[in-house]
Amino acid sequence: MKISEIRDLLDAEVLCGADQLDREVTSACCSDMMSDVLAYVKDQGVLLTGLVNAQVIRTANMMDMHCVVFVRSKNPTEDMIELAEECGITVMSSRLRAYVACGVLWQAGLTSDTEDCDV
Amino acid sequence: MSEAVKFHFDVDGSDFSSAGAASVMVKKKLRQLGYPPEVIRKVSIAMYEGEINMVIHANGGTADVEVYDNEIVIILSDKGPGIPNIELAMQEGYSTARDNIRNLGFGAGMGLPNMKKYTDSMEIDTRIGEGTTITMRVSL
């Protein structure tokens, strides 16, 4: 699935990385616990989260993710946007709640690829 | 054998918002040096977990990364309280982090186990009341 399709499905506003909307991603994960993302997630292209701090972007960078979606209309700070731009990560914000956003993406074919447990 | 490439960082323990910045920098530098993505991912995740731990538990410290022909060595050193029970600290899910840290997305008790998981070897030298030095190696 292209990142542009994620934007459309989640009716999200792209906050940076608009030039990378053609990038393909094959799976996604959702968590507010960055520790769990680092421990259990592998090869996810997209991180959905309701947590807003710089470590969200840094964690996505560590895990080679292409896109971060902030749910519940949460908006990252300017510093976070700047960091995401440096790391080449597309950032968007959606008004949908995490559960609904995950459901929409799953139904559209974007599933999960986690180790041992679901996040 | 060519000379090692070395990076040194002071990790600020007073500002959580900067925690992990050194690891982002190391990841960028290893990419520039052309190392395989899998090696870069292992080194940067292990270092990131350690860096976060230093900020949460030890009020910061230093991070050194040494790149040799056959391995990358990460040395994290702090003057924090030390780890009273390493065996317990290595258990997945065991954490002494406070709730305010969990609200920031960390403190799930996965830091040390994850550092071990992503590296080929990990040594912990800890002294109560003096500090901790963790040395991790990733083979090339």
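The structure presented is a predicted model; accordingly, all values stated were derived computationally and were not measured. By convention in this document, chain letters (A, B, ...) are assigned in the order of the sequence lines, proteins followed by strands, and residues within each chain are numbered from 1.
Between B:D64 and B:K6 no salt bridge is recorded (no basic side-chain N to carboxylate O distance below 4.0 Å). Salt bridge status for A:D8 with A:K2: absent, with no side-chain N to carboxylate O gap under 4.0 Å.
A side-chain N or O of A:T49 and one of A:D32 form a donor-acceptor pair less than 3.5 Å apart. A donor and an acceptor atom, one from each side chain of B:D12 and B:S14, are located under 3.5 Å apart. Side-chain N/O atoms of B:S23 and B:E51 include a donor and acceptor closer than 3.5 Å.
No donor-acceptor pair under 3.5 Å is formed between the side chain of B:D78 and the backbone N or O of B:A58.
A:L51 touches chain B through its side chain: at least one heavy atom from C-beta onward sits under 4.5 Å away, while N, CA, C and O do not. Residue contact with chain A, scored on non-hydrogen atoms closer than 4.5 Å, involves the backbone and the side chain of B:S44 alike. Looking at A:M80, neither its backbone nor its side chain comes within 4.5 Å of chain B, counting heavy atoms on both sides. Residue contact with chain A, scored on non-hydrogen atoms closer than 4.5 Å, involves the side chain of B:Y48 exclusively.
Per-residue counts of heavy-atom pairs under 4.5 Å with chain A were compared for B:I52, B:N103, B:I45; the largest is that of B:I45. Taking chain A as the reference chain and counting heavy-atom pairs below 4.5 Å, the highest number among B:G20, B:A19, B:G109 is found for B:A19.
Applying the 6.0 Å contact sphere to CD of A:E78 captures no more than 12 heavy atoms from other residues, nucleotides or ligands.
Residues of residues 88-102 of chain B lying within less than 4.5 angstrom of chain A, judged on heavy atoms, are B:E92, B:R102 in numerical order.
The shortest non-hydrogen separation linking B:G50 to B:L76 is CA-CD1, 3.5 Å.
Between the CD1 atom in B:I124 and the CD1 atom in B:I83 there is a gap of 5.0 Å [rounded to 0.5 Å].
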